[in-house]
Structures are given as C-alpha cells and as structure tokens.
Amino acid sequence: MTELKEGLVLYHGSYCVVENPDLQKCAVYKDFGQGFYLTTSKEQAKSFAKLTASKRIQQGISSEKFAYVSFFKVTNINDITSYVYENADAAWLHCVVAHRRKNAFVEVRNQMKPFDVISGKIANDDTNTTIMAYMGNVFGKMGSEAADKVCIGLLIPERLKDQFCFRSEKALSKLQFLKSEKVALE
C-alpha cells in the first residue's frame, strides 16, 4: 500500500473536471465513508471516469462522450490524521462494509471517525458482487472468520488497486490541483 506523503500525485476520475473538491457533493455510503476518493493508479481513475460518464449517459443526464482525470499533489500533511489498511484483510473488509451498510460493524465506523484520510485497497464495481454476497450472509454469517476468509479469497486482494479517501475539509486543503486530462469513452 502506498503511503500518504508529501509530493505524492493522486488521480480522481469523474464525468467532469474537479479542481475544488466539495465534501457535500460526495456520496455517503462508499468504502471508507463520505469523502473525496483518489488513487495512485491513473488507469483506475480513467476507468472510474469512464464509468461515471457512461452512467450519466444511460440516465439521460448527459450526452458527452468523454470524461476527465484530475491530478492532485499532496502537500503539507503534517497536521492531518490518517489510517492505512495495508492489506485487504478482515479489518479492511469490516471497514468497507461498515461504511456501505448503516448498521453493520458500527464500532469500526466509530473508530474511523477521527481520521482525516483513510487509505487501503479499493472495492470497486468488479468486487461489488462479492461484497454484496458477503453482506447477504451468502458465505456464512457476516463478520465470522469463515465468511471473512471466503470473501477475501474471492476478491483476490493482490489485484486490487489503492484508494485514498479525504474525509475532512482539513484533508482537502492538502490537495493541490495540478491539471486534468480528457478521456474518451470509446
């Protein structure tokens, strides 16, 4: 897992250029909670940008055949708190589920409240079916060692990219917008 550090360049994929992230526009029930999500993988950001733009077309909101990847540099992070999930393990899985489902693993969600930034592996659309099955107790009781083991095994954690969730205004102030690139939907 890449460490959050001064000078790190992160990417955000969207249907539009995002120069000034706004927490009020960020969805609530995401992997690490409400926040502005970025990754060290430009390809992952491109993929997400295309996905969000395609969804807008399907919903009839837009007809634009392109999306954007916005580039940010991390600056002056001395005074923010961060939590890193080094691996896609049971603790990471419980955090993801805690933030996706209101009444699941409430103690985990409460433990994460003080952190400005949470980072770890990304549970993206490719993994959504497995996580939904886990939340539906398909692999056994959610939170049990057996269910955790099956779910994590199916996710193939070594193939998962990283994500950084900037969860506070203080954290957002540490992101310097660099530029954006247009991405064709193809």
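Because the structure is predicted, anything quoted here is derived from the model rather than measured.
Screening I77, V74, T75 against L8 for a side-chain contact (heavy atoms from CB on, under 4.5 Å) leaves a single residue, V74. Paired with F115 under the rule ring pair (Phe, Tyr, Trp, His ring centres under 6.0 Å), one option of Y85, F166, Y83 passes, and it is Y83.
Side-chain atoms of D162 come within 3.5 Å of backbone atoms of T40 as a donor-acceptor pair (strictly under, hydrogens ignored). Formation of a donor-acceptor pair under 3.5 Å by the H94 side chain with backbone atoms of F105 is not found in this model.
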Acceptor/donor pairs from residues 14-28 side chains to any protein atom, 3.5 angstrom cut, sequence neighbours excluded:
| from | atom 1 | to | atom 2 | distance (Å) |
| --- | --- | --- | --- | --- |
| S14 | OG | C16 | N | 3.4 |
| D22 | OD1 | Q24 | N | 2.9 |

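Taking the ring pair (Phe, Tyr, Trp, His ring centres under 6.0 Å) definition, one finds that F139 meets it with nothing, sequence neighbours left out. In terms of the side chain to side chain contact (heavy atoms under 4.5 Å, CB included) criterion, residue partners of S54 (sequence neighbours excluded) are, by chain and number, L185. Looking at residues two or more places apart in sequence or on another chain, you find a salt bridge (charged side-chain N to carboxylate O under 4.0 Å, His left out) between K42 and E181.
Note on I118 and L172: separate hydrophobic clusters, where clusters join Ile, Leu, Val, Met, Phe, Trp and Tyr whose side-chain heavy atoms are under 4.5 Å apart, directly or indirectly. Clustering ILVMFWY residues whenever any of their side-chain heavy atoms sit less than 4.5 angstrom apart, transitively, puts L93 in the very cluster that holds V108. Both W92 and V150 belong to a common hydrophobic cluster when Ile, Leu, Val, Met, Phe, Trp and Tyr are linked at side-chain heavy-atom distances under 4.5 angstrom. Note: the hydrophobic cluster containing L4 also contains L38 (ILVMFWY, side chain heavy atoms under 4.5 Å, direct or indirect links). At a threshold of 4.5 Å between side-chain heavy atoms, the hydrophobic network of Ile, Leu, Val, Met, Phe, Trp and Tyr places I156 and L160 in two separate groups.
The cationic atom of K182 (NZ for Lys, CZ for Arg) lies less than 6.0 Å from the six-membered ring centre of F66 and within 45° of the ring axis.
Through side-chain heavy atoms spaced under 4.5 Å, either directly or across other Ile, Leu, Val, Met, Phe, Trp or Tyr residues, V183 is tied to V9, Y11, V69, F71, L178.
Among residues at least two apart or in separate chains, salt bridge (charged side-chain N to carboxylate O under 4.0 Å, His left out) pairs with a member in residues 71-92 are D79-K174.
No hydrogens or angles considered: nothing links the side chains of N103 and R109 as a donor-acceptor pair under 3.5 Å. Counted by atom type alone, E6 and N76 present zero donor-acceptor pairs between their side chains at under 3.5 Å.
Ring geometry for F36 against F72 counts as perpendicular: the plane angle is over 60°, on a 0 to 90° scale with 30° as the lower cut.
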